[in-house]
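Here the structure is laid out as structure tokens; the discussion comes afterwards.
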Amino acid sequence: MTLTRAVIASLVLAAVVLFGQKHGLWGVREAPAPPPPTPAALAFRRAQEEAAARAEAARAEAARLAAVTQPAETPEVLPPGEGREEVFGACTACHSTAIIRRSRFTRQQWDDLMDWMVEKQGMNPLDAEQRRRIVDYLAAAFPAASGSAGRRAPNPFLTD
Ligand code: HEC
């Protein structure tokens, strides 16, 4: 009787000990030290770091350019009116519209400017109908300021 109890008790004890071992209850098992990285793994890691650095540099360069690049002009920078598209098409090949927008001329002066642009600056000659539409638009959109025919718009940075 005592022997049977002793056998059962030791079996139970063995079961408990085995169960505890399987589930790591008796002491923490040391994790084996990871093997040192192979040369291939080191090279791969370095390549990854270099690629990340290049991507970061490209992002920084794109941000720098975005901060200093002006978006391309569209005809809408000019006041609306018949002939706006023609002016934009014919006049922005060599310079932006800024030089046009800051100018104030009479119709005659705009007309003479077309000759000057062709003869001195190398603009393609406009056919008669196109020229009329362009000059009409320019004279209407950028007329000479009254009392100062042909002068440019006053410079806002000059005080006298
Ligand atoms: C082939 C190139 C070219 C084209 C096309 C051209 N321009 Fe010009 N334009 C110039 C150049 C170059 C100047 C600057 C000349 C200078 O300042 O010596 C200029 C100057 C001007 C000026 C300033 C004139 C002044 O002295 O105040 C006006 C205004 C102007 N252009 C309007 C126009 C208009 C309007 C058109 C379209 C009908 C046009 N340009 C098309 C080359 C061009």
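Keep in mind that what you see is a predicted model, and the values were worked out from it rather than measured. Ligands are counted one by one from 1 in listed order, and the atoms in each one are counted from 1 as well.
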Next item on the list: Looking only at non-hydrogen atoms, find the nearest pair between Gly83 and Arg133 and report the distance.
Entry: N-NH2, 4.0 Å
Note to self: I'd like the name of whichever of Gln121, Met123, Arg131, Glu86 reaches closest to atom 12 (C) of ligand 1 through any heavy atom.
What the structure shows: Gln121
Check: What are the two closest heavy atoms between Arg101 and Arg104, and how far apart are they?
Finding: O-NH1, 2.8 Å
Next item on the list: Kindly confirm or rule out an N or O of Trp110 lying under 3.5 angstrom from an N or O of ligand 1.
Entry: no
Checklist line | Three-point angle His95:NE2, atom 8 (Fe) of ligand 1, Met117:SD, rounded to the nearest 10° | finding: 170°
Next item on the list: Under 4.0 Å, heavy atoms only, figure out whether ligand 1 is touched by the backbone of Trp116, its side chain, both or neither.
Entry: side chain
Margin query: Heavy-atom pairs closer than 4.0 Å: do any link ligand 1 to the side chain of Asn124, the backbone, both, or neither?
Written below: neither
Check: Do the side-chain N and O atoms of Gln108 and Thr106 include a donor-acceptor pair separated by under 3.5 angstrom?
Finding: no
Next item on the list: Just do the side-chain contact (heavy atoms from CB on, under 4.5 Å) check on Met114 and Leu138 with the steps written out, would you?
Entry: CA-CA 11 Å; Met114 296 301 101; Leu138 291 168; 4.0 Å; yes
Next item on the list: For the residue pair Trp110 and Phe142, categorise the inter-ring angle as parallel (less than 30°), tilted (30 to 60°) or perpendicular (more than 60°).
Entry: tilted
Item checked: Within reach of ligand 1, part of Leu126 (heavy-atom separation under 4.0 Å) -> neither
Check: In ligand 1, which numbered atoms sit nearer than 4.0 Å to a non-hydrogen atom of Met114?
Finding: 35 (C), 38 (C)
Note to self: Looking at non-hydrogen atoms alone, which of Gly89, Cys91, Cys94 comes nearest to atom 1 (C) of ligand 1?
What the structure shows: Cys94
Checklist line | Region of Ser103 that comes within reach of ligand 1 [heavy atoms, distance under 4.0 Å] | finding: side chain
Next item on the list: Please confirm whether the backbone N or O of Ile99 pairs with a side-chain atom of Ser103, one donor and one acceptor, at under 3.5 Å?
Entry: yes
